[in-house]
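Here is the structure we will look at, set down as structure tokens.
A, B, ... follow the sequence lines: proteins, then strands. Residue 1 opens every chain. What you see below is based on every heavy atom in this structure, not just the backbone, and it leaves out hydrogens, waters and symmetry mates.
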Protein chains: 2
Amino acid sequence: MSDSATGLIETEAGAEPRNGERRRGIDRVIMLLEALLRHRAPMRVGDIAKMIGAPRSTTYEIVNSLLEAEMLENVGTEGYVYFGRAMHLFGWAYSHHNAHYRRIIETLDKMAAETGETVQLCGLRGNKYIVLDCRDSSGPFRISSDVGVEVPIPWTASGRLLLGHMSEEEVKDFIPPGDYKLPDGRVIAPAEFFSDVALARQQGFSETAALADRFTWCMAAPIRDGHGAINKTLCFVLPVDTAETRRSELLALLCERARGLSLAGS
Amino acid sequence: MSDSATGLIETEAGAEPRNGERRRGIDRVIMLLEALLRHRAPMRVGDIAKMIGAPRSTTYEIVNSLLEAEMLENVGTEGYVYFGRAMHLFGWAYSHHNAHYRRIIETLDKMAAETGETVQLCGLRGNKYIVLDCRDSSGPFRISSDVGVEVPIPWTASGRLLLGHMSEEEVKDFIPPGDYKLPDGRVIAPAEFFSDVALARQQGFSETAALADRFTWCMAAPIRDGHGAINKTLCFVLPVDTAETRRSELLALLCERARGLSLAGS
DNA sequence: ACATGCTGTCTGAAATATCAGACAATAACG
DNA sequence: CGTTATTGTCTGATATTTCAGACAGCATGT
């Protein structure tokens with residue numbers, strides 16, 4: 001953050017930054033919002049402009065429109081902006097419009113209340129894993145993870161389940177090679193990952209211990225849609241030293257609830 | 001307006017629908033999202049076009065862009081669209097970026113769990129009242145109200161608190177005259193409303209019984225910001241026939257928690 | 001059978017939104 | 001003190017996007 005702007009420019013997916021190109025306002029808006037989501041903190045207009053590769057004058061124009069609509073709002077007095085109240089309302093409308101999602105959220109609440117552990121709802125976004133919603137542990141040992149942040153699929157237990165419908169070949173094509181490398185430098189052998197995926201499919205759940213970080217034990221169970229496909233998973237994020245007896249209790253609960261949320265294969 | 005779909009065209013605030021006018025894509029997007037929020041259900045592209053007063057061809061163009069960005073998504077197979085997953089992520093980012101809001105949400109969760117009643121976080125949007133977030137009662141008697149729907153201020157207990165900083169004159173100018181009329185046809189005398197506002201300010205809480213509808217008892221307590229102003233309120237929505245003893249318990253809890261969420265006047 | 005209403009996709013043309021760049025203010029730094 | 005970066009606002013030109021309307025396809029109703 002200390003430096004000027006180096007490293008701010010994260011390459012835009014699918015967008016050729018060919019200079020002298022003119023872009024549509026709507027596309028700029030989309031890029032802007034996604035950049036803000038990735039950045040996960042209020043940004044200044046100048047930095048946004050760099051991040052989305054737009055001229056400053058254009059960026060000001062757009063930001064002011066979005067501010068007026070409360071889709072963005074000013075944070076602090078130094079010209080920082082972040083998502084605004086309208087986004088919250090739109091997002092709420094999204095997550096409550098369908099009965100299935102509402103049931104899922106209720107279950108999330110209930111499980112968090114009953115167990116006091118961190119519970120997450122997870123899914124895929126493109127070829128990455130994201131947390132769709134979560135309830136953080138109430139205890140002092142809080143492993144908070146951000147909703148919407150993209151994470152390589154092989155780092156996660158849920159990811160193993162979410163690829164269950166793919167053949168080994170498809171998985172190989174789907175996962176970017178770099179995604180097998182863990183944050184601490186270790187590399188997961190693709191073959192090992194493929195067999196994990198197969199195991200997860202067969203067991204109907206998936207667990208990882210100290211994978212993406214050294215402190216967590218993750219367990220995931222599938223939520224199936226009307227066609228039996230796995231779109232989402234329910235998971236617990238536990239301290240890695242959780243006793244085996246409690247872990248198996250929680251795993252049983254997780255599987256039961258996830259099954260309860262699955263739609264009967266019509 | 002003469003055409004078939006009468007009633008669909010809700011007049012756009014601050015937008016002159018002068019024909020033959022050209023509008024910016026960004027503005028169309030904003031109108032579209034707000035229209036969808038007001039409508040509270042998936043819509044077809046043709047109806048959206050009518051609602052925001054845009055040509056169909058333009059609307060298709062915009063909707064397709066937003067679909068691709070997952071800001072909208074298809075619902076069902078009949079061409080209906082509604083908010084998409086990206087909106088949920090943006091909204092989540094909004095509501096968790098600031099520590100105060102996070103504390104409020106935790107309190108909301110806790111109160112709902114402890115009491116089993118419907119708890120809401122409320123605020124103003126322009127000169128209307130809206131629910132910003134809520135936890136619905138777990139009981140069979142469920143009074144669900146939608147986050148983000150605009151409601152006339154005089155219909156609500158929270159509204160009386162949220163106007164606490166205004167003089168009688170200011171309140172009079174602020175509330176649209178039609179907003180004193182309740183859904184069942186009764187009309188609140190403005191003078192009575194002003195004194196309610198004064199009473200709420202003095203008491204530090206506000207209650208309404210069977211006001212906006214015949215079945216609910218609402219109680220609201222103020223959450224003050226760093227300057228002592230009331231931006232948001234915490235409230236319970238109870239069945240009207242809740243026993244007086246329980247009501248006063250809940251009111252005490254409400255006031256205590258709201259005070260706990262208020263920021264010390266710096 | 002026809003008439004009517006809708007959807008979703010294209011087209012060309014005209015209006016304008018995006019752009020590069022200039023500008024004054026302010027801040028940080030040696 | 002000058003030098004170098006900022007921010008936020010304006011400007012005018014042109015490349016682009018919005019728009020009206022036509023089109024085929026598929027319903028529905030009479």
TODO: Would you please name every residue forming a salt bridge (charged side-chain N to carboxylate O under 4.0 Å, His left out) with B/D173, sequence neighbours left out?
DONE: none
Look for any protein N or O under 3.5 Å of an N or O in nucleotides 26-28 of chain C and output each such pair with its distance, or none.
none

TODO: List the atom of B/H88, the atom of A/D133, and the distance in Å for their closest heavy-atom pair.
DONE: CE1-OD2, 3.6 Å
Task: Rounded distance in Å - CG (A/D27) to P (D/dT16) - done: 13 Å
Donor-acceptor pairs under 3.5 angstrom involving side-chain atoms of residues 52-63 of chain A: please list them, not counting sequence neighbours.
unit_1, atom_1, unit_2, atom_2, d
A/T59, OG1, A/P55, O, 2.8
A/E61, OE2, B/R24, NH1, 3.0

Restricting to nitrogen or oxygen on both sides, can you table the protein-nucleotides 8-14 of chain D pairs closer than 3.5 Å?
unit_1, atom_1, unit_2, atom_2, d
D/dG8, OP2, A/Y60, OH, 2.8
D/dG8, N7, A/R56, NH1, 3.1
D/dG8, N7, A/R56, NH2, 3.3
D/dG8, O6, A/R56, NH2, 2.9

Open item on the list: For B/S158 versus B/Y129, what's the shortest heavy-atom pair and its separation?
Closed with: CB-CE1, 3.6 Å
Open item on the list: Please give me every residue in residues 65-73 of chain B whose heavy atoms get under 4.0 Å of an atom in DNA chain D, ordered by residue number.
Closed with: none
TODO: In whole angstrom, give the distance that lies between atom CZ of B/R23 and atom P of C/dT18.
DONE: 14 Å
Open item on the list: Please give me the minimum heavy-atom distance between B/R201 and B/H165, naming the atom from each residue.
Closed with: NH1-N, 4.5 Å
With a cut-off of 3.5 Å and sequence neighbours excluded, list every side-chain donor-acceptor pair involving residues 70-77 of chain B.
unit_1, atom_1, unit_2, atom_2, d
B/E70, OE1, A/R125, NE, 3.4
B/E70, OE2, B/R85, NE, 3.4
B/E70, OE2, B/R85, NH2, 3.2

- [ ] Output all residues satisfying side-chain contact (heavy atoms from CB on, under 4.5 Å) with B/D109, sequence neighbours left out; order by chain, then residue number.
- [x] A/D109, B/I105, B/R135
TODO: Figure out the CG/C1' separation between A/D47 and D/dT7, and round it to whole Å.
DONE: 11 Å
- [ ] Mind calculating the distance between OH (A/Y80) and C1' (D/dT7) to the nearest angstrom?
- [x] 12 Å
- [ ] Mind grabbing the angle between the end helix axes of the helix from C/dA1-D/dT30 to C/dG30-D/dC1? Five pairs an end, 10° rounding.
- [x] 40°
- [ ] For A/P222, enumerate each residue passing the side-chain contact (heavy atoms from CB on, under 4.5 Å) test, keeping only those at least two apart in sequence or located in another chain.
- [x] A/L161, A/R224, A/I230
Task: Non-neighbouring partners of A/N231 that pass side-chain hydrogen bond (donor to acceptor under 3.5 Å, both in side chains), sequence neighbours left out - done: A/D225
TODO: Output the single nucleotide from D/dC19, C/dT18, C/dA20 whose closest atom is nearest the side chain of B/I26.
DONE: C/dT18
- [ ] Output every pair passing salt bridge (charged side-chain N to carboxylate O under 4.0 Å, His left out) with a member in residues 163-172 of chain B, not counting sequence neighbours, ordered by first then second residue.
- [x] none
TODO: Round to a whole Å and report the spacing from CD1 of B/I48 to P of C/dT7.
DONE: 11 Å
Task: B/H100: partners by side-chain contact (heavy atoms from CB on, under 4.5 Å), with sequence neighbours left out - done: B/N98, B/R103, B/I104, B/I223, B/L263
TODO: Grab the two heavy atoms, one from A/Y101 and one from A/S95, that are nearest each other, plus how far apart they are.
DONE: CD2-O, 3.3 Å
- [ ] Run through B/Y80, B/Y82, B/F83 and flag the one making a ring-ring contact (aromatic ring centres under 6.0 Å, His included) with A/H97.
- [x] B/Y82
